Amino acid sequence: MQRVRDYLSNWRGPALSQACLDSLEEEVTEAEVLSVIRGMKPHKSPGPDGFSASYYKSFSAKLLPHLTKLYNALLGGSPVAPDFLRSDVILIPKDGKDPALPQSHRPISLLNVDYKIFTKLLADRLGGFLPSLVHPDQVGFIPSRQAFENTRRAVVLMEWALASRTPSLLLSLDAEKAFDRVEWTYMFELLEQWGFPPRFRAALGTLYAAPLTRILTPGANPETFSIGNGTRQGCPLSPLLFALSLEPLLANFRASPTIRGLGVGGEEFLVSAYADDVLLTIADPLHSVPSLLTAIDSFSDISGYKVNYDKTRAMPLGLSREEIAELRGLTDFQFSFDSLKYLGVFLTSDPGRLHGANYDTMFASLFKDLDRWNDFSISWVGRVACVKMNMLPRLLYLFQALPTRVDVSSLAHLQQHIAKFVWQHKRQRVARRVLHRPRDRGGLGIPNLLYYYYAAQLTQFVMFHAPSGTHRWVDLESHLAAPDTPNLYFWLPKAHRPILRSTCSATINSLRIWDLLRIKHSLSSDESALSPIFRNRSFQPGLNQKPFATLEGLGLQRLHHLYHKGSPLTFQDIQNRGRVRPSDFFRYLQISDFARSPEVKKAATNPLTFFENMCFTYVHPRSLISSLYLTLISGSPEWGPLTYTNRWERDVGEELPGGDWEDIWDNVAHCSINVAHQEQAYKMLFRWYTSPSQMSHMGRGLTDLCWRNCGLKGSFYHMWWTCPSIQPFWSQIHAMTQEVLGHPVDRDPWSFLLHRSQEAMLPPENKLLHRIALAARRAVAQQWTAPSLPSLEKGTN
């Protein structure tokens, strides 16, 4: 204990705010517990007690008082029954490993759901304050931070080190089971010294008092044993506790005068961490590495953290053979001279090889998967799901993590390969404008890869507008672009931009994409209200920013700031914000004259677009990539009118409002978990089935009369609804539906053919109606070209 205190005596973490202290100690409420329960996924495996999240969701009303009382007792440090802290561990074999060896299995810990509800509650309380406690170098599991921040920063730093000929070393530390090795003595001493409140620490003390676990293996009788260290796997609070536990080590790296990072713009960039995945960008490695090893060893002695030096990867940049040889003598690092893998991205010593090492490898893997899946019997709806659930996440991660230009022709080739896979190398049955529309907008939701790439890049463009110090990669690229900054420079029209000083390929790529999309997709006007006043060629006096420094510091930065509620900003308004010098009045007159020009006034008073407002206020909502993708795809040439909706309305003789179509699309998308049923619903929506009228246009000698011998023209709508032969069938289905529901049901073609909800019916009743109609349509489709119709028994089985 004393060793821990001695180590931590030289370190001070950021102070906890009073709001944080109050939040961590306040009484648990039933509303808070209910919010956590509602957010849980219902189908995850339960813990040793066998009670799943579905159980807690179903009986939340009865359980809430008891759970709330229990959790408030835990905050007071009360002990709990041993079963509350138990866990089961199941083992998943690793591919290609010897199953007889323990290290060939991946352990998965199953905790009781009541335990997870409480720890999720604490994690939610702590998570809101974590960004102010943990340095921006650490992005793992910290709200509003993402993994791509570290990979983008690493690429930019490598590029800068090579361009500036700065001898350096990239070092990826391999921590040995980092989460499992945290010493509890160290963790609790750290939390106490950091200032975490007693009730929060008491609750953690109870959770870590005497946890028990057992390993479940087939054919063996599991024995229960106690756990003595590590943060608990599967616990929502564990990654947050680990981030806090690692912070003193990373802080010591940054504070050490003998461990040097790459210095850019007066700042040092040394540490990039995603939980235990730590990447160091080290300058002067011959002097820095020995001090680094000493710092790690000192931390390991008191925390349990251990680095596998023989698995730690190092990539030298600009070092001589003699320097590399000396480093080899100092360490057991594994040296790699071509590339180094970090967070799933290959960082190459030659920036020109980034695309080939990552995208080309990824594309080859995706093509191989598509060809392999082609041999499986998968429905076309299932194939769409394969693309969305397997391929798209892999590509999206790379789109975000790699700040380099993607080969558009390669993306187009992959898009074509996906289309062939979905349609099994047959004729495409749905128009492209329907393919790429989201399902809730009347399409199939097959991703357009190019627009997803653009959306991922625009997400990072929004992050350029974060306050200084929020994201380290933004600070780095802003230093490289000085005296301009991307969050201001990008808004200038091309004709008004001074020459960009930065040669950073990531910044240049972001600028290229912004220029390509801003006008085309109405993200911004060419003369935007967010255009900067200074370093703007249209305002010549402002090309030299120094005389205007006071006014700029008082918030006069963009055209948007020149007007307030349509009126020009007065000098008195500026004086009310802070102290100004006499000479600033002349500068104000220059700005005021510039503001009164018709072009500037129009730009400054234009309402902000949704994207401009997002950047201006720095709002970074969840699912931002999906929102931006929808914006881009809806403004593309592929987003046209849906012809099938017009044809349905013409056939039925009724024009539906947009809300009704949205209801139909939502119901079709969720009509059944059965893929075959989903297919039928979409086939009906898209008018997939070929009618006699269509057949007669395809070849000579084919009649357009109904196949059921009614003597009438066999149009699509006739075959499904108005044919005299099919009317008795739908009458039987309608009668049966009314009998099952116990009240009248409208015999509405929109409901029976396209799943439109009936206003007079409850949601469960509408769902049952849609299931019955779906089964009936499937039976009709199975005898589509036959002169007879299915029986009622077949239609409803």
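Residue numbers count from 1 along this sequence. Please read all numbers here as calculations on a predicted model, not as lab measurements.
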Q) With a 4.5 Å limit on heavy-atom distance, are the side chains of Trp750 and Glu649 in contact? A) yes
Q. Roughly how far, to the nearest 0.5 Å, is the CG atom of Leu279 from the CG atom of Leu170?
A. 5.0 Å
**Q.** Steps toward side chain to side chain contact (heavy atoms under 4.5 Å, CB included) verdict (Glu662, Asp440)
**A.** CA-CA 7 Å; Glu662 290 174 4; Asp440 60 359; over 6 Å; no
(Q) If the condition is ring-ring contact (aromatic ring centres under 6.0 Å, His included), which residues does His135 pass it with, not counting sequence neighbours? (A) none
Q) Under 3.5 Å, is there a donor-acceptor pair between the side chain of Glu159 and the main chain of Ser505? A) yes
**Q.** With sequence neighbours excluded, residues passing side chain to side chain contact (heavy atoms under 4.5 Å, CB included) with Ala506
**A.** Arg152, Val156, Pro403, Glu477, Cys504
**Q.** Distance, nearest 0.5 Å, that separates CZ of Arg383 from CG of Leu370
**A.** 9.5 Å
Q: Apply side chain to side chain contact (heavy atoms under 4.5 Å, CB included) to Asn448 and list each qualifying residue two or more places apart in sequence or on a separate chain.
A: Gln415, His436, Leu450, Tyr451, Tyr629, Ile633, Glu638
Q. Taking atom types as modelled and ignoring hydrogens, do the side chains of Ser510 and Gln460 form a donor-acceptor contact shorter than 3.5 angstrom?
A. no
**Q.** Side-chain donor or acceptor of Asp573 paired with backbone N/O of Thr570 under 3.5 Å
**A.** yes
Q: Any chance you could measure Ile513, atom CD1, to Gln457, atom CD, to the nearest 0.5 Å?
A: 4.5 Å
Q | Option from Val155, Leu340, Thr151 for which side-chain contact (heavy atoms from CB on, under 4.5 Å) with Val345 holds | A | Thr151
Q | Donor-acceptor pair, side chain of Tyr489 and main chain of Leu511, under 3.5 angstrom | A | no
Q. Under 6.0 Å from the six-membered ring centre of Trp648 and within 45° of its axis: does the NZ or CZ of Arg687 meet both?
A. yes
Q) Backbone N or O of Gln138 within a donor-acceptor pair of the Arg145 side chain at under 3.5 Å? A) yes
Q: Decide, yes or no, whether a salt bridge links Arg472 with Asp137 under the criterion of side-chain N to carboxylate O below 4.0 Å.
A: yes
**Q.** Asp593 side chain vs Leu589 backbone, donor-acceptor pair below 3.5 Å
**A.** no
Q.
I'd like to know whether the aromatic ring centres of Phe399 and Tyr452 sit less than 6.0 Å apart in this structure.
A. no
Q) Is a side-chain N or O of Thr609 found less than 3.5 angstrom from the main chain of Leu523, in a donor-acceptor match? A) yes
Q: Using side-chain hydrogen bond (donor to acceptor under 3.5 Å, both in side chains) as the criterion, list what pairs up with Thr631, not counting sequence neighbours.
A: none
Q.
To the nearest 0.5 Å, what is the distance between CG on Asn667 and CG on Leu685?
A. 11.0 Å
(Q) Looking at Lys683, I'd like to know if its NZ atom is crowded, meaning that more than 12 non-hydrogen atoms belonging to other residues, nucleotides or ligands lie closer than 6.0 Å. (A) yes
Q) Judged by atom type as modelled, is there a donor-acceptor pair below 3.5 Å linking the side chain of Tyr563 to the main-chain atoms of Ala595? A) yes
**Q.** Presence of salt bridge, Asp584 and Arg581, under 4.0 angstrom
**A.** yes
Q. Is there a side-chain hydrogen bond (donor to acceptor under 3.5 Å, both in side chains) between Ser409 and Asp407 once you walk through the steps?
A. CA-CA 6 Å; Ser409 62; Asp407 184 0; 2.7 Å; yes
**Q.** Residue pair Val580, Phe571: steps toward the side chain to side chain contact (heavy atoms under 4.5 Å, CB included) verdict
**A.** CA-CA 10 Å; Val580 294; Phe571 191 65; 3.8 Å; yes
Q) Where the side chain of Thr485 meets the backbone of Ala481, is there a donor-acceptor pair that is under 3.5 Å apart? A) no
Q. Do Tyr618 and Asn487 come close enough that some side-chain heavy atom pair is under 4.5 Å?
A. no
Q | His417 side chain to Asp371 side chain, donor-acceptor N/O pair below 3.5 angstrom | A | yes
Q | ring-ring contact (aromatic ring centres under 6.0 Å, His included) against Phe548, all qualifying residues, sequence neighbours excluded | A | Phe534, Phe539
Q. Which residues pass the ring-ring contact (aromatic ring centres under 6.0 Å, His included) test with Trp380, sequence neighbours left out?
A. Trp423, Trp688
Q) Does Ala273 offer a backbone N or O that forms a donor-acceptor pair with the side chain of Asn150 under 3.5 Å? A) yes
Q) What is the minimum heavy-atom distance between Arg535 and Leu543, and which atoms define it? A) NH1-O, 3.5 Å
**Q.** Beyond-backbone contact of Leu556 with Ile591, side-chain heavy atoms, under 4.5 angstrom
**A.** yes
Q.
Between Trp491 and Phe464, is the ring centroid distance below 6.0 Å?
A. no
(Q) With a 6.0 Å cut-off on the ring centroids, do Trp514 and Phe461 count as close? (A) yes
Q. Would you say the side chains of Ser365 and Arg394 form a donor-acceptor pair under 3.5 Å?
A. yes
Q) Is the NZ or CZ atom of Arg437 positioned over Trp639's six-membered ring, under 6.0 angstrom from the centre and within 45° of the axis? A) yes
Q: Check for a donor-acceptor pair, side chain of Ser592 on one end and backbone N or O of Tyr588 on the other, with a separation under 3.5 Å.
A: no
